[in-house]
Protein chains: 2
Amino acid sequence: MPRAGLTIDVVVREAARIIDDRGAEGLSLSAVAESLGVRVPSLYKHVDGMPALRRGAMLLAKTGLAAALSDAAIGRSRDQALTAISIAYRKWALEHPGLYPLSVSAPVNGDEDDIAASSTLVETVFRVLAGYGLEGDDAVDATRFLRAALHGYVALETSGGFAMPVDLERSFLRLIASVEAALDSWTKS
Amino acid sequence: MPRAGLTIDVVVREAARIIDDRGAEGLSLSAVAESLGVRVPSLYKHVDGMPALRRGAMLLAKTGLAAALSDAAIGRSRDQALTAISIAYRKWALEHPGLYPLSVSAPVNGDEDDIAASSTLVETVFRVLAGYGLEGDDAVDATRFLRAALHGYVALETSGGFAMPVDLERSFLRLIASVEAALDSWTKS
DNA sequence: TCCATGTGGCTAATGTAGTTAGCCAATGGG
DNA sequence: CCCATTGGCTAACTACATTAGCCACATGGA
């Protein structure tokens, strides 16, 4: 039996690919094993079963989305930064329709990697809002508003929740504009 | 063997209860059968397996949420109506943390009941926005904005995505206020 | 060069969940 | 009262995750 050259990275990345292809429900050890040309039990030499596979994919989702956002924010501030990260957020989600939902799962208590990845993600959004001069509870409220708008839109869009035949791009740009207007006058509301 | 007096309604309602108790992952035929004091295969006399069970719960979610919203909108218009349905939306979702996610699933092509339930839900939101004098594409964009904000907020809240120890009630009221402000000046944006 | 060792594949077996077939008792309309 | 329908059941099969334990491959030191 020649070696297949698997590593934990290869296995988890294949799992992520399958999730994006067939959705989170479509992930199974059989599917991963078949894709990698290997028998199911062999996977256990690299990952600790199904839960670990899901956790790995979830971490890929959080770090991948966070990287896309911070990349988009480079060299911009206020409305420019907000527009850039919003568009990057939606773009990443559309490119990773299966992985995306994992990126919003609450960090698991005690899982340091998960907590770190989740923090990085929220911090990126939080920092952009710092440019609006928001502090303390105002900043928290605003971050929640922005995250809600972005997550709600892409969650509905990727799950097929927007049925009307009206341009999805345009609706999203108007959403961004509305959020920006709200943030510009945030402390007054 | 005495009869247990099951009907499709009893079975589906039990499934919905389990989903709210243990989450969508916690739903199994075994769990439903045990709760109802019956063996697993007996359920097949009333429901066509697991997919039908999920579908039934999904329909309960869509109709239940829609009923809560239209009830809240009675006798109100514009900002009053919007505040009322927003609060009712969040309230229903918090009371049904397991069922709620099913309410945003895209209607299945060809499933008339599903399409009807989904339409009713969106229509309720859409009608409130009619009070703002929005028509055509403007109304679609605005509906998407409102649905995104509401869904995003409660999805993040119910999944534990808001970690900061800041009042969740207040953040939501500010979100509503921001959405209202945006809708008041929608056609200008 | 060779073999000692650890590692990465494998088969076999077990447990759980969904599903189907087919049996038999309870129910209710003539 | 009888019998057809219905709603429960057991048994058996599938698919999947998991564990135990085997053996070949690859590598590094003698």
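Throughout, protein chains are lettered first and strands after them, A, B, ... in sequence-line order, and every chain is numbered starting at 1.
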Please say whether more than 12 non-hydrogen atoms of neighbouring residues, nucleotides or ligands are located less than 6.0 Å from CD in Glu95(B). yes
Rounded to whole angstroms, how far apart are OH on Tyr44(B) and C1' on dT10(D)? 15 Å
Over all strands shown, is Val40(A) touching base, sugar-phosphate only, or nothing at heavy-atom distances under 4.0 angstrom? base
Does Ser42(B) put a side-chain nitrogen or oxygen below 4.0 Å from OP1 or OP2 of dC9(D)? yes
Without decimals, in angstroms, what is the distance between Leu6(A) CG and dA26(D) P? 14 Å
In whole angstrom, give the distance that lies between atom CZ of Arg39(A) and atom C1' of dT18(D). 16 Å
Any donor-acceptor pair under 3.5 Å from Arg147(A) side chain to Gly161(B) backbone: yes
Integer-rounded Å distance: dG8(D) P and Leu29(B) CG: 15 Å
In whole angstroms, the gap separating P of dT19(C) from CE of Met50(B) amounts to 8 Å
Drop me the distance from Leu134(B)'s CG to Thr143(B)'s OG1, to the nearest 0.5 angstrom. 8.0 Å
Using only heavy-atom distances, decide whether a donor-acceptor pair under 3.5 angstrom links the side-chain of Arg3(B) to the base of dT27(C). no
So, does Ser30(B) get its side chain near the phosphate of dG18(C), meaning an N or O under 4.0 Å from OP1 or OP2? yes
Just N and O in the side chain of His46(A): are any of them under 4.0 Å from OP1 or OP2 of dT7(C)? no
Paired with Lys62(B), the salt bridge (Lys or Arg N to Asp or Glu O under 4.0 Å) test is passed by just one of Asp114(B), Asp111(B), Asp113(B), namely Asp114(B)
Testing dG8(D), dC16(D), dA20(D) for proximity to the side chain of Pro41(A), the answer is dA20(D)
d(CD, Glu25(B); P, dA17(C)) in whole Å: 14 Å
Would Arg144(A) and Val166(B) count as a side chain to side chain contact (heavy atoms under 4.5 Å, CB included) if you check the C-alpha gap in whole Å, the side-chain angles of each, and the deciding distance to 0.1 Å? CA-CA 10 Å; Arg144(A) 286 176 177 168; Val166(B) 174; 3.8 Å; yes
When rounded to whole Å, the NZ to C1' distance for the pair Lys45(B) and dT19(C) reads 13 Å
Taking dG9(C), dG8(D), dT19(C) as options, the one with an atom nearest any side-chain atom of Pro51(B) is dT19(C)
Given atom CD of Glu34(B) and atom P of dT16(C), what is their separation to the nearest angstrom? 13 Å
